[in-house]
Number of protein chains: 2
Amino acid sequence: MDTRTLCLGVLSLGEMSGYDIKKCLEVSFRHFFQASYGSIYPALAELARQGYVRVRTIAQEGRPDKKIYSITPAGLEALRNELAGTEPRHRVRSEFLVLMFFAHHLPPERLAEVLEEMIGRWERILFEDLAAFEQQSAAPGVGELEPGMRFALGFGRTVLSAALAYVKRQRPGLLREIAASGKDPAPARPLADIADAGD
Amino acid sequence: MDTRTLCLGVLSLGEMSGYDIKKCLEVSFRHFFQASYGSIYPALAELARQGYVRVRTIAQEGRPDKKIYSITPAGLEALRNELAGTEPRHRVRSEFLVLMFFAHHLPPERLAEVLEEMIGRWERILFEDLAAFEQQSAAPGVGELEPGMRFALGFGRTVLSAALAYVKRQRPGLLREIAASGKDPAPARPLADIADAGD
DNA sequence: CCACACATGTAAATTGTTACATGATTGA
DNA sequence: TCAATCATGTAACAATTTACATGTGTGG
């Protein structure tokens, strides 16, 4: 799935500008998809070219004209086809976990810093961003979220909670073990042979 | 972080070929990092050029010569520097969750299929792959895993368990709600205005 | 007989990020 | 005064995946 489909999806929620789409993605999709202006604007141009979206240009002073995009019937059909044919992939790319895996190669202070940073980041997402979004969604006048949207949001909350709890629970032990292995004079313990273990 | 650093990291566990590295990544890193031959082989060539790894070529019949790579002291230093300077990012890219978010645009049978597929996939990873790996790691003769490795493995198991439990718990309700909204004649309920909710 | 494991590598295509270019207004 | 918000867009760069190229041995 590319940014094009995602933009189409967001536009199926209502017309908006490229700038709006970015913000919308930041709040609702931040924990499972990300896209920058560098991919959104070209995607919108391409969608317009294909006739999947209509553009309405609104003149503004002191800044570029605003372009409001809205999905066309053809666009909605394209979106549905695209979604129906999309394989449900789910990939994680975590420099954080690579760092943890090789924690014994990291200066202990840096390890502590990294753990601290991840905890802080996840707490902020969980207790500020997500909470704010869910409260806002529950506000009167706002259309109910579709069940699938609640599912996706809930998934993010659940998984993030689990991750955060795990890191908080394991942190002291990990720091202790790393500190200990750094002090005692066995830093060159032969790790090796993990790949050959089966033989 | 690029594949180069990752290869260096894996090679710090013991010497092996590009083919071995791929398999090693598949078992230990599958849930937080992925790399294909197309990125591994060029990475190894580059590392050799930089003097971070040594190559030993082993002639073979009926197939390409095997190249065994081992990390050099300079390589180990480069690895440590690289790791110390790496920001702990953690990104998820999930077509699955996008599909769920827009579940109301999906044929209900396809939705059921997708959920089924994800549950099966995650159960397999959790109960087969991870279990096998952990058992193997506990086997006699295999060096103890470093604490950081146990941390990373445990993180994967924890988060995957949470994800799986969530999907299994939510599935019936989601399918029911989607089926219901498909039947009653309000498919064109104006979703809109979610982005404008704050006003 | 087909698929898979073994084994390396290249090239094209895809896809996306980062940085740049432009510039007014508003609040701390 | 500095940073952020609003607003669009391009171009260079980075990184990866996919498919291709080549070929044998083994097991179902």
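Note on naming: letters A, B, ... go to the chains in the order of the sequence lines (proteins, then strands), and numbering restarts at 1 for each one. These figures come from a predicted structure and were not determined experimentally.
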Asks: Would you say C/dG16 has OP1 or OP2 under 4.0 Å from some side-chain N or O of A/Ser36?
Replies: no
Asks: Could you name each residue pair satisfying side-chain hydrogen bond (donor to acceptor under 3.5 Å, both in side chains) that touches residues 164-180 of chain A, not counting sequence neighbours?
Replies: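 Qualifying pairs, neighbours excluded: A/Glu116-A/Arg171, A/Glu123-A/Lys168, A/Glu177-B/Arg150.
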Asks: Can you confirm if the aromatic rings of B/Phe29 and A/Phe101 lie within a centre distance of less than 6.0 Å?
Replies: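 Yes, the ring centres sit under 6.0 Å apart.
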Asks: Rounded to whole Å, how long is the line connecting atom CZ of A/Phe33 with atom C1' of C/dG16?
Replies: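 Checked: the CZ to C1' distance equals 10 Å.
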Asks: Restricting both atoms to N or O, compile the protein contacts to nucleotides 13-15 of chain C shorter than 3.5 Å, with distance only.
Replies:
none

Asks: Could you tell me how far apart B/Glu87 (CD) and C/dT18 (P) are, to the nearest whole angstrom?
Replies: 13 Å
Asks: I need the minimum non-hydrogen distance between B/Val114 and A/Pro88, along with the two atoms involved.
Replies: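 Looking at all heavy atoms of both residues, the shortest contact is CG1-CB, 3.7 Å.
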Asks: Going by ring pair (Phe, Tyr, Trp, His ring centres under 6.0 Å), name the residues that satisfy it together with B/Phe33, two or more places apart in sequence or in a different chain.
Replies: none
Asks: Return each pair, listed once, that meets salt bridge (Lys or Arg N to Asp or Glu O under 4.0 Å) where at least one residue sits in residues 33-45 of chain A; pairs must be two or more places apart or across chains.
Replies: none
Asks: Suppose we screen for salt bridge (charged side-chain N to carboxylate O under 4.0 Å, His left out). Which residues come up paired with A/Asp65, at least two apart in sequence or across chains?
Replies: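 Counting only residues at least two positions away or on another chain, A/Asp65 forms no salt bridge (charged side-chain N to carboxylate O under 4.0 Å, His left out).
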Asks: Five pairs per end, C1' atoms only: what is the angle between the end axes of the helix from C/dC1-D/dG28 to C/dA28-D/dT1, to 10 degrees?
Replies: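 That helix gives 50° between its end axes.
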Asks: My understanding is that only residues two or more places apart in sequence, or in another chain, count here; which of them pass ring pair (Phe, Tyr, Trp, His ring centres under 6.0 Å) with B/Tyr69?
Replies: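 None.
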Asks: With sequence neighbours excluded, tell me which residues meet salt bridge (charged side-chain N to carboxylate O under 4.0 Å, His left out) with B/Arg56.
Replies: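 For B/Arg56, the residues satisfying salt bridge (charged side-chain N to carboxylate O under 4.0 Å, His left out) (neighbours in sequence not counted) are B/Glu15.
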Asks: Taking only residues two or more places apart in sequence or in another chain, which ones pass salt bridge (charged side-chain N to carboxylate O under 4.0 Å, His left out) with A/Glu95?
Replies: B/Arg91
Asks: Just jot down the ring pair (Phe, Tyr, Trp, His ring centres under 6.0 Å) partners of B/Tyr52, sequence neighbours excluded, or say none.
Replies: none
Asks: Without decimals, in angstroms, what is the distance between A/Glu95 CD and D/dA15 P?
Replies: 11 Å
Asks: In whole Å, I'd like the distance from the CD1 atom of A/Ile40 to the C1' atom of C/dT17.
Replies: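 Distance, rounded to whole Å: 12 Å.
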Asks: What's the NZ-P distance between B/Lys22 and C/dG9, to the nearest Å?
Replies: 15 Å
Asks: In whole Å, what is the span from the CG atom of A/Leu6 to the P atom of C/dT17?
Replies: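 It works out to 11 Å between those atoms.
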Asks: Identify all pairs in which a protein N or O lies below 3.5 Å from an N or O of nucleotides 2-8 of chain C, and state each distance.
Replies:
{"unit_1": "C/dC6", "atom_1": "OP2", "unit_2": "B/Tyr19", "atom_2": "OH", "d": "3.3"}
{"unit_1": "C/dC6", "atom_1": "O3'", "unit_2": "B/Arg63", "atom_2": "NH1", "d": "3.0"}
{"unit_1": "C/dA7", "atom_1": "OP1", "unit_2": "B/Gln60", "atom_2": "OE1", "d": "3.0"}
{"unit_1": "C/dA7", "atom_1": "OP1", "unit_2": "B/Lys66", "atom_2": "NZ", "d": "3.4"}
{"unit_1": "C/dT8", "atom_1": "OP1", "unit_2": "B/Lys67", "atom_2": "N", "d": "3.1"}
{"unit_1": "C/dT8", "atom_1": "OP2", "unit_2": "B/Tyr19", "atom_2": "N", "d": "2.9"}
{"unit_1": "C/dT8", "atom_1": "OP2", "unit_2": "B/Tyr41", "atom_2": "OH", "d": "2.9"}
{"unit_1": "C/dT8", "atom_1": "O5'", "unit_2": "B/Tyr41", "atom_2": "OH", "d": "3.3"}

Asks: Identify the pairs formed between an N or O of the protein and an N or O of nucleotides 26-28 of chain D at a distance under 3.5 Å, and give each distance.
Replies:
none

Asks: If I take atom CD in residue A/Glu46 and atom C1' in nucleotide D/dT8, what distance separates them, rounded to the nearest angstrom?
Replies: 18 Å
Asks: Please answer: with hydrophobic residues joined when any side-chain heavy atoms are less than 4.5 Å apart, are B/Tyr41 and B/Leu47 in the same cluster?
Replies: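 In one cluster with B/Tyr41: B/Leu47, no.
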Asks: Is A/Lys66 positioned over the aromatic face of A/Tyr19, cation under 6.0 angstrom from the ring centre and no more than 45 degrees off axis?
Replies: no
Asks: Apply the side-chain hydrogen bond (donor to acceptor under 3.5 Å, both in side chains) test between A/Arg4 and each candidate in A/Glu46, A/Gln50, A/Glu82; give the one that qualifies.
Replies: A/Gln50
